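Working notes, beginning with the structure itself.
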Amino acid sequence: MIKIVPTTPYPDQKPGTSGLRKKVPQFQQKNYAENFIQSIFDSLEGFDNKILVIGGDGRYYNREVIQIAIKMAAANGFGKVMVGRGGILSTPAASNLIRKYGAFGGIILSASHNPGGPTEDFGIKYNASNGGPASEKITDAIYARTKVIDSYRICDDPDISLDVPGIKHVDEMEVAVVDPVEDYAALMETLFDFPAIKTMIQSGFRVAFDAMSAVTGPYAKEILENRLGAAKGSVKNFMPLPDFGGHHPDPNLVHARALYDEMMGPDAPDFGAASDGDGDRNLIIGKGIFVTPSDSVAMLAANAHLAPGYAAGLAGIARSMPTSGAADRVAEKLGIGMYETPTGWKFFGNLLDAGMVTICGEESAGTGSSHVREKDGLWAVLLWLNILAVRNESVKDIVTKHWAAFGRNYYSRHDYEEVDSDAANGLVDNLRDQLATLPGKKFGELVVQTADDFAYIDPVDHSVSKNQGIRILFEGGSRVVFRLSGTGTSGATLRVYIERYEPDASRHDLDTQEALADLIAVADEIAEITKRTGRLKPSVIT
Ligand code: G16
């Protein structure tokens with residue numbers, strides 16, 4: 001039976017870079033999740049009898065909210081819900097299901113790379129019928145609705161079992177519990193040369209994949225071990241756990257340290273990779289060499305034609321503004337379009353839908369293509385493996401040859417986490433105040449060429465997104481970028497992105513932090529990071 005339940009608004013349900021992310025206890029407040037889900041439905045039109053995809057990364061509170069979302073979908077008039085077995089769907093797999101089955105949209109429960117558990121993070125985001133994160137127009141409408149909501153609709157049916165695939169019903173709505181891996185693995189087989197990768201692996205090529213006790217475990221087991229023949233045990237930490245084993249499921253050099261150490265060791269496998277909580281990010285490490293995410297997108301774009309799904313070439317490349325310019329040089333060489341967007345995968349959606357770009361990437365370990373409308377961790381792993389199988393060279397050889405051909409963009413991101421919000425906002429305001437006077441200023445050898453607050457005009461729908469990050473560009477092409485994260489859940493996270501372009505191949509083997517040392521010092525001088533935040537060094541360097 002459908003119930004209409006009175007509720008009162010919460011003032012803090014503004015979606016960030018990727019949906020609403022809060023601590024679990026906040027989500028457990030009375031009607032908190034219900035308010036947000038109803039606000040999503042209230043902001044959409046025309047979903048009567050249509051399909052809604054629901055799934056999550058298996059983190060703590062996933063199962064509870066999935067039951068709520070299913071009962072609310074039934075009460076709001078959806079015709080069918082597709083949900084992954086056990087409530088599990090990686091973000092790219094959810095995007096694929098939405099597209100493949102012509103769903104109206106999807107609700108993805110995840111806080112991505114943020115930790116999980118009773119006092120850790122949870123999140124809800126809405127994806128539209130193209131399979132991609134809702135546009136700012138929709139997220140703004142959702143937020144506006146959360147501020148005035150006074151009731152929500154829900155069926156009072158009992159919970160349904162999510163553990164066995166099959167068709168069930170909630171009120172009159174059909175619920176299809178589906179295998180979370182099958183459709184996704186089938187899609188990957190259409191894009192990549194599985195037999196070639198399998199042959200390479202059978203000839204002794206060793207792979208190590210760290211699923212970080214998060215959602216990609218079942219996907220990686222099926223694809224890498226079962227279908228591609230990687231040795232049993234190649235996929236580590238493959239059981240999705242509600243608290244990710246107490247770790248941050250963030251595939252970077254801090255949280256995936258064990259993999260990094262293995263890959264730098266004497267008996268390293270040939271290829272190492274990891275993915276995050278919801279399976280959309282990737283970390284790529286070759287034997288003895290870490291590939292920065294910015295370099296990875298450039299190298300994948302330069303070599304994508306070697307995989308069957310991209311043999312016809314690329315329409316264009318897009319990267320987020322803070323991502324290094326390495327991909328720009330590839331686009332220039334290929335003679336294809338290059339687009340610079342604000343941080344957030346949602347900004348790639350229009351470009352992909354319009355067929356203007358094929359590959360997109362972000363410095364935050366996200367790479368993907370037009371096959372879905374999310375970034376896709378395993379996709380990046382498989383494209384690398386396909387390229388390695390065809391080129392028959394090591395990751396290190398591919399990377400160093402790429403630098404020799406295109407030049408190297410030394411690149412690093414310094415994160416200052418859980419900074420006092422007022423201090424962080426003050427720091428950004430102070431930077432904004434300096435924008436007009438910075439050009440022409442000298443800091444040692446570095447001369448500021450331009451300084452601005454990045455604004456983006458979407459070339460497809462002409463929507464404008466302002467205040468997307470402070471950019472300070474120096475003569476010669478180096479730059480520092482400052483922005484506040486839109487995905488953190490406590491205090492503010494200041495991100496500082498530092499980049500230097502080095503065309504000279506004899507200078508391509510410097511230590512990254514040393515190669516960027518003068519820019520790092522100038523970033524602190526201009527932004528007064530230490531003075532304003534009290535931090536002597538970043539929490540995380542990637
Ligand atoms: C999300 C977005 C990405 C973005 C990242 C970092 O990733 O989907 O597009 O680059 O956040 O955002 P921020 O710098 O604002 O923290 P994910 O993997 O968290 O969904």
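One-based numbering, in listed order, for ligands and for the atoms of each. The shown structure was predicted, so the numbers you read here are calculated from the model rather than taken from an experiment.
- Per-residue contacts place T343 under 4.0 angstrom from the following atoms of ligand 1 (heavy atoms of the residue considered): 4 (C), 10 (O), 12 (O).
- Looking at H113 against ligand 1, only its side chain comes within 4.0 Å, counting heavy atoms.
- Counting only distance, with no hydrogens or angles, the side chain of S539 and the backbone of E417 share a donor-acceptor pair below 3.5 Å.
- Contact annotation: K375 has at least one heavy atom less than 4.0 Å from an atom of ligand 1.
- Scanning all protein heavy atoms for the shortest distance to atom 11 (O) of ligand 1 gives T487 CG2, 3.3 Å.
- At a 4.0 Å cut-off, not a single heavy atom of G366 sits close enough to ligand 1 to count as contact.
- Every atom of ligand 1 is numbered from 1 in the order shown, and the set under 4.0 Å from a heavy atom of R495 is 13 (P), 14 (O), 16 (O).
- For Y61 and F27, the distance between ring centers is not under 6.0 angstrom.
- Applying the 4.0 Å criterion to heavy atoms of G486 picks out, from ligand 1, the atoms 13 (P), 15 (O), 16 (O).
- Summarising the geometry of G344 relative to T17, their closest heavy-atom pair is CA-CG2, 3.9 Å, with the distance given to 0.1 Å.
- Against a heavy-atom cut-off of under 4.0 Å, S364 is close to the following atoms of ligand 1: 4 (C), 5 (C), 10 (O).
- Checking only distances, R413 never comes within under 3.5 Å of ligand 1, N or O to N or O.
- With a 4.0 Å heavy-atom cut-off, ligand 1 is reached by no atom of E363.
- The distance from ligand 1 to the heavy atoms of S485 drops below 4.0 Å at these ligand atoms: 13 (P), 15 (O), 16 (O).
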Stepwise side-chain contact (heavy atoms from CB on, under 4.5 Å) check, I472 with L438: CA-CA 8 Å; I472 302 176; L438 275 172; 3.7 Å; yes

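- Tested against I526 for a side-chain contact (heavy atoms from CB on, under 4.5 Å), the candidates I529, V522, D524 yield a single pass: V522.
- Contact atoms of ligand 1 toward E362: 3 (C), 4 (C), 9 (O), 10 (O) (distance under 4.0 Å to a heavy atom of the residue).
- Within the 4.0 Å heavy-atom criterion, neither part of T91 lies near ligand 1.
- Taking the ring axis of F238 as reference, the NZ or CZ atom of K221 stays within 45° of it and closer than 6.0 Å to the ring centre.
- H255 and H248 have parallel rings, their planes meeting at less than 30° on a 0 to 90° scale where 60° marks the start of perpendicular.
- Cation-pi geometry between R319 and F348 is not met at under 6.0 angstrom from the ring centre and within 45 degrees of the axis.
- Remark: the backbone N or O of T487 is paired with a side-chain donor or acceptor of N114 at under 3.5 angstrom.
- Of the protein's heavy atoms, R281 NH2, 3.8 Å lies nearest to atom 6 (C) of ligand 1.
- Here is the list of ligand 1 atoms found below 4.0 Å of a heavy atom in R21: 17 (P), 19 (O), 20 (O).
- For atom 14 (O) of ligand 1, the closest non-hydrogen atom on the protein side is R483 NH1, 2.6 Å.
- Remark: side-chain polar atoms of T146 are paired, donor with acceptor, to backbone N or O of Y143 under 3.5 angstrom.
- Residue S112 approaches ligand 1 through these ligand atoms, each under 4.0 Å from one of its heavy atoms: 17 (P), 18 (O), 19 (O), 20 (O).
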Stepwise ring-ring contact (aromatic ring centres under 6.0 Å, His included) test for Y184 and Y219: CA-CA 8 Å; Y184 178 82; Y219 295 86; 5.5 Å; yes

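- Ligand 1 has no nitrogen or oxygen under 3.5 angstrom from a nitrogen or oxygen of D278.
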